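What you see is a predicted model, and the numbers here were worked out from it, not measured in a lab.
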Amino acid sequence: FSIDYGFLGDEGQPTSVLLVTKEITTGMMMSMIVPRKGVGARDEEWIHRRLAQFINGFGFKKVLLRSDNENAILALRKRIAADCTAQVLEEDAIKGESQANGLAEIGVRIVEGLRTLIIDAETKTRAKIHDSSVVMAWLAEHACTLYNRCTVLPDGRTSWQKAYGKAASLSLVPFGEKVLW
């Protein structure tokens with residue numbers, strides 16, 4: 001697994017902090033908007049627990065958890081490792097190697113996907129979605145759902161197919177669409 005932070009928003013403006021996790025063998029990803037980089041107050045306990053739950057969901061006995069060696073993400077990585085049921089080997093990505101952490105390229109795709117989803121939602125609602133909006137949290141997760149279920153990888157399968165052995169069968173609804181339930 002590879003974890004990294006990213007940022008949304010225009011340079012010099014308040015921005016949302018994006019935390020992205022990618023499972024390397026299937027390509028399955030999870031992203032979420034977090035209050036800040038690193039581990040902070042007790043009210044942020046959900047962050048490392050949620051990532052550990054994502055990792056535990058694969059059922060591996062042993063996992064490699066990779067990140068860069070920035071203090072904020074190292075502290076988070078330790079908390080995630082403590083909550084995982086599998087044996088966790090922690091590894092620092094090699095500085096200067098774009099493939100080392102595996103998220104440089106993928107993180108850019110997610111951010112681009114989020115921007116597309118934001119523009120679509122703003123067009124439909126005729127309202128500006130600010131970086132601090134709670135809608136951003138839902139968009140971050142929706143972007144990964146779309147990626148996992150719909151992006152066909154070089155081997156001809158989606159990340160979902162690689163992880164679960166079959167195509168996703170539930171219908172997808174465009175973000176912000178009204179649904180009668």
Side-chain angles (χ1 to χ4, degrees), residues 1-58 60 62-118 129-148 151 153 159 163:
F1 290 85
S2 195
I3 58 175
D4 202 3
Y5 287 108
F7 299 94
L8 298 174
D10 299 322
E11 200 170 317
Q13 299 294 317
T15 183
S16 295
V17 180
L18 182 68
L19 180 59
V20 182
T21 306
K22 179 183 178 215
E23 195 279 321
I24 303 299
T25 60
T26 62
M28 288 284 284
M29 290 197 312
M30 176 184 174
S31 68
M32 60 182 147
I33 301 294
V34 296
R36 66 185 141 282
K37 290 173 84 173
V39 287
R42 283 185 98 32
D43 61 339
E44 295 169 16
E45 294 272 323
W46 61 273
I47 298 168
H48 62 88
R49 288 186 182 143
R50 190 119 187 271
L51 287 171
Q53 183 181 27
F54 175 71
I55 293 168
N56 290 338
F58 287 86
F60 297 134
K62 186 187 270 190
V63 297
L64 177 66
L65 186 55
R66 181 182 294 153
S67 69
D68 60 29
N69 58 4
E70 182 182 5
N71 289 337
I73 203 149
L74 289 176
L76 177 63
R77 189 175 78 186
K78 287 205 176 310
R79 301 279 301 269
I80 295 166
D83 281 349
C84 284
T85 54
Q87 177 187 357
V88 177
L89 304 171
E90 295 183 54
E91 180 179 90
D92 295 340
I94 301 166
K95 195 172 186 112
E97 286 192 30
S98 62
Q99 297 280 332
N101 197 19
L103 281 176
E105 177 185 336
I106 297 301
V108 168
R109 276 196 238 156
I110 281 187
V111 172
E112 288 173 351
L114 266 175
R115 290 201 174 114
T116 302
L117 292 172
I118 292 166
I129 299 173
H130 297 281
D131 288 338
S132 59
S133 172
V134 69
V135 172
M136 293 299 285
W138 291 103
L139 279 167
E141 294 200 26
H142 187 70
C144 276
T145 299
L146 292 174
Y147 178 86
N148 292 336
T151 301
L153 302 174
S159 295

Spacing of L146 atom CG and T116 atom OG1 [to the nearest 0.5 Å]: 10.5 Å

Heavy-atom closest contact (D68 atom, D92 atom, distance): O-OD1, 4.4 Å

Stepwise side-chain contact (heavy atoms from CB on, under 4.5 Å) check, E90 with I80: CA-CA 10 Å; E90 295 183 54; I80 295 166; over 6 Å; no

Contact summary for A86 and K62, nearest pair of heavy atoms: CB-N, 4.0 Å

Pairwise distance CG(L19) to OG(S31) - rounded to 0.5 angstrom: 8.5 Å

Stepwise side-chain contact (heavy atoms from CB on, under 4.5 Å) test for I55 and L65: CA-CA 9 Å; I55 293 168; L65 186 55; 4.1 Å; yes

Stepwise side-chain contact (heavy atoms from CB on, under 4.5 Å) test for K37 and I73: CA-CA 7 Å; K37 290 173 84 173; I73 203 149; over 6 Å; no

Whether F54 and F58 hold their rings parallel, tilted or perpendicular, with breakpoints at 30° and 60°: perpendicular

Distance in Å, T85 OG1 paired with N56 CG, rounded so as to fall on 0.5 Å steps: 3.5 Å

Straight-line distance of Q53 CD to C84 SG, nearest 0.5 Å: 11.0 Å

Gap between atom CG of L76 and atom CZ of R79 - 0.5 Å precision: 8.5 Å

Exam field: side chain N148 to backbone M29, donor-acceptor pair closer than 3.5 Å: yes

Pairwise distance OH(Y5) to CZ(R36) - rounded to 0.5 angstrom: 10.0 Å

Sidechain-backbone polar pair: Q87 side chain, L89 backbone, donor-acceptor under 3.5 Å: no

Distance-minimising heavy-atom pair for V88 and A81: CG1-CB, 3.7 Å

Minimum heavy-atom distance A140-L114, with the two atoms named: N-CD2, 3.4 Å

W46 to I33 - nearest heavy-atom pair and separation: CH2-O, 3.7 Å

Residues I47, M32; criterion side-chain contact (heavy atoms from CB on, under 4.5 Å); working and verdict: CA-CA 9 Å; I47 298 168; M32 60 182 147; 4.2 Å; yes

Short side-chain to backbone donor-acceptor contact, R77 and N69, under 3.5 Å: no

Closest contact, heavy atoms only, S159 versus Y147: OG-CE2, 3.9 Å

